[in-house]
Visitor: 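Let me give you the structure first, and then I'll get to my questions.
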Amino acid sequence: MPAPRIKSPHLLVAESGADREGHGLKRTMGLFQLICFGVGAIVGTGIFVGLSDSVAQAGPAVVISFVLAAITCVFTAFSFAELGGAIPVSGSSYSFAYAGLGESTAFLVGWCLLLEYGISISAVAVGWSQYVNELLHSLIGWQLPAVLSAGPGDGGIVNLPAVLVIAMASVLLVRGVRESAGATAAMAAVKLVILIAFCAIGYSAFKHGNLTPFSPAGLGGIGAGTTAAFFSYIGFDAITTAGEEAKNPRRDIPVAIMVCMGIVTLLYCAVALAAIGAIGGKQVAGRPAALSYVVNEVTGSTIGGGVIAFGAVVAIASVVLAVMYGQTRILMSMSRDGLIPRVFEKVSPKTATPVAGTLIVAIVFAVPAAFASLDAVMNLCTIGTLAIMAVVNLAVMTLRRREPGLTRSFRVPLYPVVPLLGIAFCLYLMVETGWQTWLQFALFLVVGFLVYVAYGRRHSTLARDLAADADRAGVTAAGAEREPQEA
């Protein structure tokens, strides 16, 4: 069996120019922008739309589900923080896998990132459409008909609002990172204010009796709720995709990851308790635009629900923006390595952004957003993300052995216990997704491996460079053999 093609961390950093101005990208993001970017990538559909699904599984014990999902993410967040500080490049978990486990694994990680980032763009856009209709209903008493605001699986024909939010995000991303970061920061502030206001309203009507029975489905319900709640945290790793556009990535990326996880976990638990305490778990479970419904029930007016709907529209739009940013940077790194077509690595000299790659991503993922439902992709997106997180934890341990002298601005605490626990929690939640999701995921990986064999392995720049080095070594050795004979 041939040895895996492994790209050293030093080569990844050197090729990307990550300690300088890499590949035409500009360093414009400071710590505050990175934190806002992280909050923007995380807080959105998972809490505004997915909360009702988590409550349907776990009941009031959904708070425990959120904590367990957060613990899973925190274990892996430590690994992302270590690798993000040591290898500050745009490739994120793809590049970490390349350095730790080799090219074929890295390609499959990049393939899975199409689920985490790409497919979730579509899912998030579908959730945005729900709150757009809720906002229109609150403002003018009218909303888009189902044929224009839902896919065929949800009783409609085409989801136009979902396509619109993807188009708006792509336009902003094409204009430049500074503009995108500014918009993300503003939207992150709006969503935090809205969710804090929601908590104030919910706790004003809080009744302890609404928390009983606390865990109607027992431990199985909490486990299923954790899997559903995990979708709410997807996106924290997007911070590491800004490695080549952060001003001080080795210091700021680890800090931003940990701060974001703390803010988001506290916020999610507070929102879940406020919603259930106000009207009860059965009322929240399975309800579209659940947060607006809670506020309407508590206040007896649609005005408050309209404000929440406005916050959701802003919040979910910021997730689309941040996740699309991460997806384009992942593809740019893969293209740089020759594993996918070169069009994705081209950076516009005018805007310092990958314009062609951004537009391709927008077009490709607008299609499922227009015609698919949120539930159809949520579990598949979740299992793909969990697999990536398990690989990142494994990469930390591999690089600790192979590259002990690598400069690390942050180190995983309690090593190797923490990354091992991260892998264990990821595997547990993967099991909870069910055999049907596992089957879909296995087929997805098989297709990805075939794509790698057919294109990526043949066009790999690392393979080309290794072959060139071998040829030069052969020529040198042949010359050395001839010299004694000539003498």
Side-chain angles (χ1 to χ4, degrees), residues 4 6-7 9 12-13 16 18 34 37-38 41-42 72-120 230 233-244 246 249 253-254 256-257 260-261 322-337 339-340 381-400 406 408 410 412 418-419 422-423 425-427 429-430 441 444-445 448 452 456:
I6 294 176
K7 182 172 287 191
L12 283 166
V13 172
S16 67
L34 286 172
F37 176 69
I42 303 170
T72 302
C73 292
V74 166
F75 285 141
T76 305
F78 284 130
S79 294
F80 269 103
E82 176 171 320
L83 295 175
I87 313 173
V89 299
S90 293
S92 184
S93 46
Y94 157 76
S95 296
F96 305 155
Y98 213 153
L101 302 170
E103 184 178 273
S104 58
T105 302
F107 185 90
L108 290 178
V109 166
W111 187 250
C112 288
L113 284 165
L114 292 174
L115 287 176
E116 182 185 353
Y117 290 162
I119 300 299
S120 67
F230 177 80
Y233 291 93
I234 288 178
F236 76 88
D237 54 324
I239 296 172
T240 58
T241 65
E244 294 174 40
I253 285 178
I257 289 174
C260 283
M261 288 305 302
V323 173
M324 278 189 66
Y325 168 90
Q327 178 68 88
T328 57
R329 271 50 180 182
I330 295 289
L331 293 174
M332 188 179 70
S333 293
M334 295 181 72
S335 178
R336 180 188 300 161
D337 292 328
L339 302 184
I340 60 175
C381 181
T382 295
I383 195 172
T385 304
L386 287 166
I388 292 168
M389 290 168 62
V391 168
V392 169
N393 282 302
L394 186 59
V396 164
M397 295 188 291
T398 303
L399 284 172
R400 281 284 187 101
L406 182 66
R408 294 171 170 88
F410 175 88
V412 173
V418 168
I423 293 172
F425 270 78
C426 288
L427 292 177
L429 293 185
M430 290 174 73
F441 184 56
F444 182 80
L445 289 180
Y452 169 69

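Sequence positions, counted from 1, serve as the residue numbers for this chain. As the structure is a prediction and not an experimental result, all values here were calculated from the model.
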Visitor: Could you tell me the separation between the CE atom of Met334 and the CZ atom of Phe107, rounded to the nearest 0.5 Å?
Guide: 5.0 Å
Visitor: Are any of the side-chain heavy atoms of Leu399 and Glu82 separated by less than 4.5 Å?
Guide: no
Visitor: Would you call Met397 and Asn393 a side-chain contact if the rule is heavy atoms closer than 4.5 Å?
Guide: no
Visitor: Donor-acceptor pair, Thr398 side chain versus Leu394 backbone, under 3.5 Å?
Guide: yes
Visitor: Any chance you could measure Ile6, atom CD1, to Ser104, atom OG, to the nearest 0.5 Å?
Guide: 9.5 Å
Visitor: Taking atom CD1 of Ile239 and atom SG of Cys260, what is their separation to the nearest 0.5 Å?
Guide: 4.0 Å
Visitor: I want to check something: taking the side chain as every heavy atom from C-beta on, are Ile388 and Leu113 in contact at a cut-off of under 4.5 Å?
Guide: yes
Visitor: Could you tell me which non-hydrogen atom of Ala86 sits nearest to which non-hydrogen atom of Val13, and how far apart they are?
Guide: O-CG2, 4.3 Å
Visitor: Within this structure, what is the CE-CZ distance for the pair Met324 and Arg329, rounded to the nearest 0.5 Å?
Guide: 10.0 Å
Visitor: I need the Leu331 CG to Arg336 CZ distance, nearest 0.5 Å.
Guide: 12.0 Å
Visitor: Name the one of Phe230, Phe80, Phe425 that satisfies side-chain contact (heavy atoms from CB on, under 4.5 Å) with Cys73?
Guide: Phe230
Visitor: For residues Val412 and Arg400, report the shortest heavy-atom separation together with the two atoms involved.
Guide: N-NH2, 3.5 Å
Visitor: What closest approach, in Å, do Ser79 and Val396 show between heavy atoms, and which atom pair accounts for it?
Guide: CB-CG2, 3.4 Å
Visitor: Given the rule in the side chain to side chain contact (heavy atoms under 4.5 Å, CB included) test, do Val89 and Ser333 qualify, once you have shown the distances and angles that lead to the verdict?
Guide: CA-CA 8 Å; Val89 299; Ser333 293; 5.6 Å; no
Visitor: Before giving the answer on side chain to side chain contact (heavy atoms under 4.5 Å, CB included), spell out for Val109 and Val392 the whole-Å C-alpha distance, their side-chain angles and the decisive distance to 0.1 Å.
Guide: CA-CA 9 Å; Val109 166; Val392 169; over 6 Å; no
Visitor: Which heavy atom in Pro254 sits nearest to a heavy atom in Phe410, and how many Å separate them?
Guide: CB-CB, 3.8 Å
Visitor: Can you measure from CD1 (Ile330) to OH (Tyr325) and round to the nearest 0.5 angstrom?
Guide: 10.0 Å
Visitor: Of the non-hydrogen atoms in Ile423 and Ala390, which two are nearest, and what is the gap between them?
Guide: CG1-O, 3.8 Å
Visitor: Measuring only between side-chain heavy atoms, which start at C-beta, is Tyr94 closer than 4.5 Å to Asp337?
Guide: yes
Visitor: Going by the rule side chain to side chain contact (heavy atoms under 4.5 Å, CB included), which residues pair with Phe441 if we only count those two or more places apart in sequence or in a different chain?
Guide: Cys112, Leu115, Leu380, Ile383, Ala387, Met430, Leu445
Visitor: Would you give me the side-chain donor-acceptor pairs under 3.5 Å for residues 96-103, sequence neighbours excluded?
Guide:
residue	atom	partner	partner atom	Å
Tyr98	OH	Glu103	OE1	2.5
Glu103	OE1	Ser460	OG	2.5
Glu103	OE2	Arg5	NH1	2.8
Glu103	OE2	Tyr452	OH	2.7

Visitor: Determine whether Leu114 and Gln327 make a side-chain contact, defined as any pair of heavy atoms from C-beta on separated by less than 4.5 Å.
Guide: yes
Visitor: Write down the atom of Ser92, the atom of Thr240, and the distance for their closest heavy-atom approach.
Guide: OG-OG1, 2.5 Å
Visitor: With Ser95, which residues qualify under side chain to side chain donor-acceptor pair (under 3.5 Å), at least two apart?
Guide: none
